[in-house]
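Sequential numbering from 1 along the given sequence is applied to the chain's residues.
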Amino acid sequence: MRIIEIKERTILLIDQLTEVWEKSVRTTHLFLSDSEIEDIKKYVPQALNGIAHLIVTEKDNKCPIAFMGVEEQKLEMLFITPEERGNGLGKKLIQHGIDNYSINELAVNEQNPLAKGFYEHMGFQVCKRTEHDEQGKPYPLLYMMLN
C-alpha cells in the first residue's frame, strides 16, 4: 500500500475514485437518498479534477482504496472504501495531510457522527455549525479546526 499525490488525473483514475466515493457515501451518509447520491455523484469528477492536491492510497495492484483532497490547509474530501474502513487508513491519510499539507481545518456532515468522532480523535474540534451544506441543502455542517 502506498499514499501518493496524483499529478496526472486520467479518466480511468477519476472513474475509480468516483466509485470509491460512491461506495463510501452509501456506507457512511445514511441520511442521503439514492437519488440524492446520484445527483451529487454527477459533480464528483469535476471536484476531483479541480482540487489542488489529490492524494490517493493504492493497494499493491495500483487500485485506489481511498483518497483525500486538500485545498490550501483545508481537508475538502476524505473517502475510504467500506472494505478498508477501520484499519487505520483514515488516520494515516489525515496524518499525512497534517504533516505534508498543514491541514488544520475541515467540514463534516453533522449527520455523520462516526466521521465527527474520528476527526475529534485526530485532534479537531468543532468551531462552527451551519444549518445547510455548501450547496444550500438541509444538511447541517460542522466546521472543525485542529487544536
Side-chain angles (χ1 to χ4, degrees), residues 1-10 12-32 36-37 40-135 137-147:
M1 181 179 70
R2 66 186 188 138
I3 297 174
I4 55 168
E5 180 169 353
I6 300 299
K7 299 296 183 196
E8 184 184 348
R9 301 176 192 186
T10 64
L12 174 62
L13 178 66
I14 296 300
D15 287 347
Q16 290 171 324
L17 295 180
T18 300
E19 187 176 325
V20 169
W21 174 88
E22 184 174 5
K23 287 178 181 177
S24 178
V25 166
R26 290 192 183 280
T27 301
T28 59
H29 292 60
L30 304 178
F31 56 92
L32 293 174
E36 288 169 312
I37 291 171
I40 298 167
K41 184 178 173 182
K42 295 173 192 168
Y43 301 101
V44 172
Q46 177 184 346
L48 291 169
N49 278 308
I51 195 78
H53 302 284
L54 180 61
I55 297 94
V56 174
T57 303
E58 296 179 335
K59 281 222 169 195
D60 298 331
N61 61 3
K62 299 198 182 237
C63 187
I65 55 172
F67 69 89
M68 69 177 174
V70 179
E71 193 78 43
E72 295 179 2
Q73 294 176 298
K74 184 175 182 186
L75 177 69
E76 294 287 349
M77 55 184 87
L78 173 64
F79 296 95
I80 301 170
T81 59
E83 307 82 48
E84 299 294 334
R85 289 184 68 216
N87 296 331
L89 185 52
K91 186 175 185 176
K92 286 179 188 167
L93 278 169
I94 290 292
Q95 197 59 57
H96 181 84
I98 292 168
D99 294 344
N100 295 283
Y101 302 94
S102 302
I103 290 174
N104 63 11
E105 65 180 293
L106 59 89
V108 65
N109 290 99
E110 184 177 65
Q111 294 151 299
N112 188 351
L114 290 177
K116 177 184 178 268
F118 165 73
Y119 292 126
E120 287 172 336
H121 177 75
M122 294 301 298
F124 289 82
Q125 280 192 323
V126 175
C127 60
K128 181 176 124 180
R129 179 187 184 275
T130 59
E131 285 291 325
H132 297 87
D133 68 12
E134 291 159 347
Q135 287 71 44
K137 304 276 186 181
Y139 303 119
L141 289 180
L142 301 174
Y143 291 83
M144 304 180 81
M145 298 289 293
L146 185 62
N147 275 347

**Student:** Roughly how far, to the nearest 0.5 Å, is CG of Leu54 from CG of Leu13?
**Tutor:**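 If we round to the nearest 0.5 Å, Leu13:CG and Leu54:CG are 6.5 Å apart.
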
**Student:** Determine whether Val108 and Leu141 make a side-chain contact, defined as any pair of heavy atoms from C-beta on separated by less than 4.5 Å.
**Tutor:**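 Heavy-atom side-chain distance check fails, nothing below 4.5 Å.
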
**Student:** NE2 of His29 to CD of Glu22: how many Å apart, nearest 0.5 Å?
**Tutor:**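 If we round to the nearest 0.5 Å, His29:NE2 and Glu22:CD are 12.5 Å apart.
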
**Student:** Quick one: closest heavy-atom pair of Ala52 and Val70, and the distance?
**Tutor:**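 The pair with the smallest heavy-atom distance is CB-O, 3.7 Å.
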
**Student:** According to side-chain hydrogen bond (donor to acceptor under 3.5 Å, both in side chains), who are the partners of Tyr143, at least two apart in sequence or on a separate chain?
**Tutor:**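 If we apply the side-chain hydrogen bond (donor to acceptor under 3.5 Å, both in side chains) test to Tyr143, skipping adjacent residues, the hits are Glu134.
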
**Student:** Which value, rounded to the nearest 0.5 Å, describes the distance between Trp21 atom CH2 and Leu48 atom CG?
**Tutor:**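 Here the interatomic distance stands at 10.0 Å.
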
**Student:** Between CE of Met145 and CD of Glu105, what distance do you get to the nearest 0.5 Å?
**Tutor:**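 That separation rounds to 5.0 Å.
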
**Student:** Return a table of donor-acceptor pairs under 3.5 angstrom between the side chains of residues 74-94 and protein atoms on other chains or two or more places apart.
**Tutor:**
from: Thr81; atom 1: OG1; to: Ile65; atom 2: O; distance (Å): 3.3
from: Glu84; atom 1: OE2; to: Lys59; atom 2: NZ; distance (Å): 3.1
from: Asn87; atom 1: ND2; to: Glu84; atom 2: O; distance (Å): 3.4

**Student:** Hey, what do you get for OG1 (Thr27) to NZ (Lys23), rounding to the nearest 0.5 Å?
**Tutor:**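 Here the rounded value is 9.5 Å.
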
**Student:** Measure the spacing between CE of Met68 and OG1 of Thr57 and express it to the nearest 0.5 Å.
**Tutor:**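 OG1 of Thr57 is found 7.5 Å from CE of Met68.
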
**Student:** Could you list the residues that satisfy salt bridge (charged side-chain N to carboxylate O under 4.0 Å, His left out) with Glu71, not counting sequence neighbours?
**Tutor:**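 With neighbours one apart ignored, the set is empty.
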
**Student:** Residues in side chain to side chain contact (heavy atoms under 4.5 Å, CB included) with Asp15, at least two apart?
**Tutor:**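 With sequence neighbours excluded, Asp15 shows a side chain to side chain contact (heavy atoms under 4.5 Å, CB included) to Ile11, given in chain and number order.
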
**Student:** Are the side chain of Thr28 and the backbone of Ser24 linked by a donor-acceptor contact shorter than 3.5 Å?
**Tutor:**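 Flag set: sc Thr28 to bb Ser24 pair under 3.5 Å.
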
**Student:** Would you name the heavy atoms of Phe31 and Glu36 that are closest together and state the gap between them?
**Tutor:**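 Smallest interatomic distance, heavy atoms only, reads O-OE1, 4.0 Å.
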
**Student:** Could you give me the CA-CA distance, side-chain angles and deciding distance for Ile55 and Tyr101, then say whether side-chain contact (heavy atoms from CB on, under 4.5 Å) is met?
**Tutor:** CA-CA 11 Å; Ile55 297 94; Tyr101 302 94; 3.8 Å; yes

**Student:** Just grab all the salt bridge (charged side-chain N to carboxylate O under 4.0 Å, His left out) pairs involving residues 42-57, residues at least two apart or on different chains.
**Tutor:**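 Every pair satisfying salt bridge (charged side-chain N to carboxylate O under 4.0 Å, His left out) with a residue in residues 42-57: Asp39-Lys42.
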
**Student:** Please set out all donor-acceptor pairs under 3.5 angstrom arising from side-chain atoms of residues 120-130, sequence neighbours excluded.
**Tutor:**
from: Glu120; atom 1: OE2; to: Lys116; atom 2: NZ; distance (Å): 2.8
from: Gln125; atom 1: OE1; to: Asn147; atom 2: ND2; distance (Å): 3.0
from: Arg129; atom 1: NE; to: Glu110; atom 2: OE1; distance (Å): 3.4
from: Arg129; atom 1: NE; to: Glu110; atom 2: OE2; distance (Å): 2.7
from: Arg129; atom 1: NH1; to: Glu131; atom 2: OE2; distance (Å): 2.6
from: Arg129; atom 1: NH2; to: Glu110; atom 2: OE1; distance (Å): 2.8
from: Thr130; atom 1: OG1; to: His132; atom 2: O; distance (Å): 2.9

**Student:** So, for Ile103 and Ile98, which heavy atoms are closest and what is the spacing to 0.1 Å?
**Tutor:**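 Looking at all heavy atoms of both residues, the closest pair is O-CG1, 3.7 Å.
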
**Student:** When you check the side-chain N and O atoms of Gln135 and Tyr43, is any donor under 3.5 Å from an acceptor?
**Tutor:**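 Checked: Gln135/Tyr43 side chains show no N/O donor-acceptor pair below 3.5 Å.
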
